[in-house]
Engineer: 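Take this structure first; my questions come after.
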Amino acid sequence: MRAWKHYMLKTKMFIAFSAVSLFLVLLTCLIFYYKSVSDIRSQTFSLSDTITRQFSRTLELYIQDTEKLSVSVFGDPVIQQGLLDHYRSRDDTEQNEIELSINSRLFTYLQPRPQLQSLYVFTLDNNVYYISKANGPKVSYSLSSEPWYKGAGTMGGSKFLLLPVTEEDTGDGHKANVISFVRNINRIPYRDVIAYMKININVNVIRDMLVHADSNEVEQHMRVFIETGDGDIVYDNKDVLTGSSGTGPEPSIFRKNSRSGDLIWQGKRYIYTFAKSDYTKWNTIILIPDDVLLSQQKSLRYILMLVGLLAMALIAVVSYLLSHQITLPLRYLMKKMIRVEHGDLSQRVTVRSSDEIGRLTRIYNNMLDSISRLIREAYESKLAEKNAQLAALQAQINPHFLYNTLNIMKSISRVRGIEEVAEMSEALAELFKYSMHQLHQPVPLQAELDHIANYMKIQQHRFGSRFEYRCDVPEELMRVPVLKLTIQPLVENAVAHGFAKMKADGIVALSARREGGRLTIEVADNGQGMTDDRLFTLRRDLQSSRSSPEDDEAHGIGLRNIGQRIRLFYGEECGIAIESGPGRGTSVRLTIPCLTAEHEHGEDTA
């Protein structure tokens, strides 16, 4: 795989922006989706719990109403008296009258209530009084045949019993699922049991209590159960498990503290809520399939996917345009720099903005300006160095100097003989020899001082006792390297300009001293000095990088030339300093690095 660092900046920015944006969009969509699912589940739990409790409470109220009906039957004087007469009479005709009377009263209670299917009164001697709306046959014929009857005291501490679903024949081959409400009938005002009452309630009454119109997918797939607590299904809203036993949801969930949660039933995941009635002891359960609940989020998923795709497409376009906008001026700048790399320093870029790209463009233009300036200055410096060397050579071959020297030689040869002429000729030969070879190479300070000594021999023959030359240089500094012809012109200036109007007592003093890592060489005279204006002009000219023959004529042997050579060779921190005043003489100090001859030789070798 191609290394990331080798990709173009535009590609990197596009990939980075797109990746980060894709991650943020996906993360936002996922968080929003799962938050929506969580909210819907919470709302569904809340709504389901409300429906469950309301349904359980409605069933309680209906059973309470049935209990009130049983109390009315229980306390009816006709039924009380009829039961007592039943136990007292042995006459069949009288028994028929009693049965007709009791059944008539039972019909009175049964008829106004459409949810009631039938009503039984069981006597203790296994006789049954029975009335039914559907005119179906009797299902129970004696108390002893009832599975709920366990003998006297079967009610225990309860007022009534609620029996699981059974089938009751309604005639014409039809049957109805009923739940049975059973209670004792006690003799009034005595409390001994004289009979048992069973009220059969059509299970359809529970369906009527549960108000939902199957108007949406959740209601269509919602399962509602009523369980007895022993696993017997009293009611199933789909009429699939009504009356069955042990086929409903796991009874263990009703023993949990939570009234809602998730369960797996018949291989399918549901969310459930349940409510246990303290009155009936039955559990009301509502199950809602998870997949049906999540199916409500299909449209939300599609919307989120569409929004995510649009957002990613928009971000991709924006990131591409942004990266293109950023890299376009960089690529243009890069093309310019390639041309600069091939030597064309005229390539400038127009600054069109003040942002980072604009600042980079300005820096690039300034860099080219600096490079061009440095190249020009380097060229001019090299040219100035060559000119300085030529000027130094030309300065040494001064026609006046040669003319005067030759006149002196001629005079001496006539008056004193040949020895002095030989001495001056030798000194003049050394001067030419020193000046004509390797002008740009440093020499030991001793060689420059010997050259000055040769020069002073000639000048002393010329001027006689008009001035005195003094040299004070420590022996340990004699091997310090200096540039050729940088000290001798200072001595020559002192002789030529300092003593121009002096006839005697002139002194030229040359001294050298080490100051830290620098060597300071001073040439001082007690001549006529300079005015402040001329000193200011000379100092200003020493800072200039250009020289002319007129300046050299005005200031002697090119002090500016010497200063340029020193700065070019040693650096800008080195150079010449001048102190002077009218009648106080002139002092010229030359400052260079104090290097040993071995160090200088090592640098040249390197």
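Since we're looking at a predicted model, the values are computed, not measured.
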Engineer: Would you say that I185 contacts F122 through its side chain, given a criterion of any heavy-atom pair below 4.5 Å between the two side chains?
Structural biologist: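 SC-SC contact between I185 and F122 ruled out.
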
Engineer: Is there side-chain contact between D85 and Q81, with at least one heavy-atom pair below 4.5 Å?
Structural biologist: yes

Engineer: Counting neighbours of CZ on F107 that are heavy atoms of other residues, nucleotides or ligands and sit closer than 6.0 Å, is the number greater than 12?
Structural biologist: no

Engineer: Contact between L163 and I179 at the side-chain level, heavy atoms closer than 4.5 Å - yes or no?
Structural biologist: no

Engineer: Looking at every heavy atom in both N126 and S144, which two are closest together, and how far apart are they?
Structural biologist: OD1-N, 3.3 Å

Engineer: Is atom CZ of R348 surrounded by more than 12 heavy atoms (other residues, nucleotides or ligands) closer than 6.0 Å?
Structural biologist: yes

Engineer: As a quick check of understanding, evaluate side chain to side chain donor-acceptor pair (under 3.5 Å) for N202 and N204, giving each step before the final call.
Structural biologist: CA-CA 5 Å; N202 194 312; N204 291 333; 3.3 Å; yes

Engineer: May I ask you to test the Q111-I131 pair for a side-chain heavy-atom distance under 4.5 Å?
Structural biologist: no

Engineer: Tell me whether the count of non-hydrogen atoms from other residues, nucleotides or ligands lying under 6.0 Å of CG in D91 goes above 12.
Structural biologist: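 For D91, atom CG is crowded (more than 12 foreign heavy atoms under 6.0 Å).
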
Engineer: To the nearest 0.5 Å, what is the distance between CG on N177 and CD1 on I233?
Structural biologist: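 Nearest 0.5 Å value for the CG-CD1 distance: 12.5 Å.
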
Engineer: For S132 versus Q117, what's the shortest heavy-atom pair and its separation?
Structural biologist: OG-O, 3.5 Å

Engineer: Compare all side-chain heavy atoms of D290 with those of D262 and state whether any distance is below 4.5 angstrom.
Structural biologist: yes

Engineer: Can you find a pair of side-chain heavy atoms, one from V234 and one from L162, that are under 4.5 Å apart?
Structural biologist: no

Engineer: Minimum heavy-atom separation for T242 to D236, with atom names?
Structural biologist: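 Nearest pair, atom of T242 first, then D236: OG1-N, 2.9 Å.
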
Engineer: Would you kindly say whether N127 and D125 are connected by a side-chain donor-acceptor distance under 3.5 Å?
Structural biologist: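 Side-chain D/A pair, N127 to D125: absent.
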
Engineer: Does a side chain donor of either Y120 or S118 reach within less than 3.5 Å of an acceptor in the other side chain?
Structural biologist: no

Engineer: Can you name the closest pair of heavy atoms from V193 and L124 and give their distance?
Structural biologist: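 Answer, listing the atom of V193 first, then L124: O-CD1, 3.4 Å.
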
Engineer: For S180 and T166, which heavy atoms make the closest approach, and how far apart are they?
Structural biologist: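 Taking every non-hydrogen atom into account, OG-OG1, 4.4 Å.
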
Engineer: Please determine if R373 and D369 form a salt bridge, counting it only when a charged side-chain N lies under 4.0 Å from a carboxylate O.
Structural biologist: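 No.
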
Engineer: Does R223 qualify as a cation-pi partner of Y270, given the criterion of NZ or CZ under 6.0 Å from the six-membered ring centre and within 45 degrees of its axis?
Structural biologist: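 No, R223 and Y270 do not form such a contact.
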
Engineer: Can you classify the ring geometry of F181 versus F160 as parallel (below 30°), tilted (30 to 60°) or perpendicular (above 60°)?
Structural biologist: parallel

Engineer: Rounded to the nearest 0.5 Å, how far does CG of N200 lie from CG of L116?
Structural biologist: 9.5 Å

Engineer: Taking all non-hydrogen atoms of both residues, which atom of Y129 and which atom of H86 are closest, and how far apart?
Structural biologist: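 Looks like OH-ND1, 2.9 Å.
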
Engineer: Please report the interatomic distance CD1(I98) to CG(N103), rounded to the nearest 0.5 Å.
Structural biologist: 11.5 Å

Engineer: So Q115 and T66, do their side chains get closer than 4.5 Å, heavy atoms only?
Structural biologist: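 Side-chain contact under 4.5 Å: no.
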
Engineer: Parallel, tilted or perpendicular, judged at 30° and 60°: which one describes the rings of Y149 and Y196?
Structural biologist: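 It falls in the perpendicular class, over 60°.
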
Engineer: Taking the six-membered ring for Trp, are the ring centroids of F225 and W265 within less than 6.0 Å of each other?
Structural biologist: yes

Engineer: If you define the side chain from C-beta out and look only at heavy atoms, does anything of R207 sit under 4.5 Å from D239?
Structural biologist: yes

